[in-house]
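Quick note on labels: first sequence line is chain A, next is B, and so on, each numbered from 1.
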2 protein chains.
Amino acid sequence: MQALPKKAQNGTQEDHAALPRRATGRPQMSDVALLAGVSTSTVSRALRMPDAVSDLLRGRIDAAIDHLGYVPNIVAGGLAASRTRVIGVIVPSLNNSFFAATIEAMDAAFAPKGYQIMLGNSGYSLEREADLLDSFLSWSPSAIVLTGRNHLRRTLKRVVSCDVPVVEMWEIGDHTLDTAIGFSHRAVGEMAAKHLYARNKQRIAFIGAALTSDLRAKERGAGFFDAVRAAGRHDVLSHTIPERASVEVGGAALAALLEAHPSVDGVFFSNDALMLGALFECQRVGIKVPEQLALIGFGDMDFSAWSTPTLSTIRPPRSEIGLEVARHLLARFADPALGGTTIDLGCQLMQRQST
Amino acid sequence: MQALPKKAQNGTQEDHAALPRRATGRPQMSDVALLAGVSTSTVSRALRMPDAVSDLLRGRIDAAIDHLGYVPNIVAGGLAASRTRVIGVIVPSLNNSFFAATIEAMDAAFAPKGYQIMLGNSGYSLEREADLLDSFLSWSPSAIVLTGRNHLRRTLKRVVSCDVPVVEMWEIGDHTLDTAIGFSHRAVGEMAAKHLYARNKQRIAFIGAALTSDLRAKERGAGFFDAVRAAGRHDVLSHTIPERASVEVGGAALAALLEAHPSVDGVFFSNDALMLGALFECQRVGIKVPEQLALIGFGDMDFSAWSTPTLSTIRPPRSEIGLEVARHLLARFADPALGGTTIDLGCQLMQRQST
DNA sequence: TAGATTTATGCAATCGCTTGCAAGCGCTGT
DNA sequence: ACAGCGCTTGCAAGCGATTGCATAAATCTA
């Protein structure tokens, strides 16, 4: 395809000669080298490891680069180096502001170092996660970041056979695939239950959404029940729904819970959105919060601190996770010996008016 | 592949010879070719244009591919073809659920066709947008998707000089860089004002956040004022704040507006989050919604349909935009003659209890 | 049945950069 | 004066695919 679209005069000086088969039209490293009077290897080094090149040449090269407006071809570089500065990140959802904050923070830390996040959305499906992983690996990424500790066998297999740094985020536990950065969801559930008891609530319950796919939410529920049992109560009250957590389903879930167990006086929600829906339901039917019913959630979403009443919740280290993942990986690229660590960033109880 | 980490037997037959300098350890196209008894060009064609290859060979190739678990090296392919199946998408924010929904939809449409979205977060900065564009272009993407119609000169320059399909989303207008898919924010503002008047409100106002950077929100405000003036009112009431829209700032903004203009009886918010904050403020100080004060927002966020009272809002075609962008681009890859269109997806007034 | 087309393959030349290796250079110590 | 050392630099061989062109085989005229 020569004629119309592109032009491609990347030849040495005469552009009458046989045109190259393809061309990007942009200046390339050899142009920079020519202009600076050095070889391409030196240009490459000036870019990759600046202090391996003398000040004199580095100056000439830099000048040539911005004279030409040279932008390296990352794809060519990636092929030659057989790895790209891509970080494959797989999250279960984008709509969920938890992960959005984590990704923003991660990206903010990676971008200045020249690493590009490649985002994948598994939709809480482990199958899809495995597929995404495969397609990410074909980019020869510098690292892979997965959400949670639960993966398909083939995911694990691929990941170990590919010898690429992997970090699991947003959840920690005993075993570790490689590196885990997050917090214990079980501890979150326990914290919620203990807090409700501390606020003198007697019959406390758990409302969870989409627990079959959102295993971290399920863990929070399990931690909650552990604490209930540890307190000597044996009636484990809960209402769970198959739908994804949202304000919409929160109200109905609360209504259903109260219908089944009218004496409940405190509720822990697997997610703040559910709790907000429940708060609206309380306003609708005239339940006093927190006097009649105490509410505590998870996530510390935007609205929780500013609703009427304000909502108690447990705040996960959303951006901290992203930042820490980036930090860890960056350190590891510099020194591959690192890795295999588990970092617990903990969670914070935000006590507000609803409890 | 067998031997543990890397091994690299991509030689012709004897692997005792000097090992290659580097190797990925994964099987490559030549392995597939060898096993299927064809040349690599045939394998490549079987992958790229299946019906250019005979059924017999295609069968053998497919078998070889999944026998070896071959995954093509996208980077090598990208270099050879001088373009990758990457779509560079730049949005102003990820936390904002508007764009998250658009991206999810776009990704869902692109992924099955083998295109990978590369996401960039400009943080509402045009400078950063331009930088991101540069770094995306060095990936030789198949297309670039930008948010909005407002860009730096150098962004435009780069984009035209690179001869890559570009679509601007979430906003349309008269001029078009290449293709625009979205809706008119001015029309949204007008719709809001007209609706408030239709509900018999007399003194209506606009509350906007971060209008200097969020030019689409500003447009919505401008459309609102247009309609106010068209209705013969000349006191254009508004309160704007520099912070980004959030539930937090919505309450304070409403309080400030009412302090300055106590007679206001209807408010249009540049964003639903602001409106929710204002609703909480109303609950706090005992303002009756909609009797004393009507509220209408923009975005139709998760909570708007389920709050107490439910909130009127104007719903943008969030996922529709993503889907349409993907559709357009996919069609265009097949037939490069397309392009230069503007698609207005419109917005929908969701009338609820707050007006 | 020979000649003209139309497929279906393979050959080999790239795509634009990275990097192992070796050569060049200016010093130092003896 | 020269071997030895460290630091820069260039040479050239890849990295693993894609694809223009040529060729072989199959199909279609006349």
With a 4.0 Å cutoff (strictly under), does any side-chain N or O of B:Ser82 reach OP1 or OP2 of C:dC15? no

Exercise. According to a strict under-4.0 Å criterion, is A:Thr42 in side-chain N/O contact with OP1 or OP2 of D:dG10?
Worked result: yes

Side-chain atoms of B:Leu79 come closest, of C:dT19, D:dG16, D:dT19, to D:dG16

Quick note, B:Ala76 side chain, CB onward, closest among D:dG16, D:dT18, C:dT18 is D:dG16

Between [X] and [Y], does at least one N-O distance fall below 4.0 Å, as a salt bridge requires?
X: B:Arg154; Y: B:Glu129; value: no
X: B:Arg60; Y: B:Asp55; value: no
X: B:Arg128; Y: B:Asp131; value: no

Practice item. Tell whether A:Ser41 reaches the base of D:dC11 with its side chain through a donor-acceptor pair below 3.5 angstrom. Key: yes

Please report the distance, rounded to the nearest Å, between [atom1] in [X] and [atom2] in [N].
X: B:Asn73; N: C:dC15; atom1: CG; atom2: P; value: 18 Å
X: B:Ile61; N: C:dA8; atom1: CD1; atom2: C1'; value: 11 Å
X: B:Leu34; N: C:dG10; atom1: CG; atom2: P; value: 12 Å
X: A:Arg83; N: D:dC15; atom1: CZ; atom2: C1'; value: 14 Å
X: B:Asp31; N: D:dC15; atom1: CG; atom2: P; value: 12 Å
X: B:Arg85; N: D:dT18; atom1: CZ; atom2: P; value: 10 Å
X: A:Ile65; N: C:dC17; atom1: CD1; atom2: P; value: 11 Å
X: A:Gln28; N: C:dG16; atom1: CD; atom2: C1'; value: 6 Å

With distance as the sole criterion, is a donor-acceptor pair present between the side chains of [X] and [Y] under 3.5 Å?
X: B:Thr176; Y: B:Thr342; answer: yes
X: A:Ser140; Y: A:Ser82; answer: no
X: A:Ser142; Y: A:Arg83; answer: yes

What one should report as the nearest heavy-atom pair of B:Pro141 and B:Val164 is O-CG2, 3.5 Å

Legend entry - Atom of A:Leu323, atom of A:Ala109 and distance for their closest heavy-atom approach: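 Nearest pair, atom of A:Leu323 first, then A:Ala109: CD1-CB, 4.1 Å.
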
Checklist line | Upstream residue (5' side of DNA chain D) when A:Ser39 and B:Tyr70 are each assigned their closest nucleotide | finding: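 Its nucleotide being nearer the 5' end, the pick is A:Ser39.
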
| request: Could you label the plane-to-plane angle of the A:Phe110 and A:Tyr115 rings as parallel, tilted or perpendicular, counting under 30° as parallel and over 60° as perpendicular? | output: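 Aromatic pair A:Phe110/A:Tyr115 classed tilted.
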
Check your understanding: Which parts of residues 45-57 of chain B get close to DNA chain D, meaning a heavy atom less than 4.0 angstrom away?
Key ->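 When residues 45-57 of chain B is checked for heavy atoms under 4.0 Å from DNA chain D, the hits, listed by number, are B:Arg45, B:Arg48.
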
### Query
Reckon A:Val38 touches a base, only the sugar-phosphate, or nothing at all at heavy-atom distances under 4.0 Å?
sugar-phosphate

At what angle, to 10 degrees, do the two end axes of the helix from C:dT1-D:dA30 to C:dT30-D:dA1 meet, given five pairs define each axis?
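The value is 30°.
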
| query | Run the side chain to side chain contact (heavy atoms under 4.5 Å, CB included) check on A:Leu177 and A:Val167 step by step: do they pass? | reply | CA-CA 8 Å; A:Leu177 172 53; A:Val167 1; over 6 Å; no

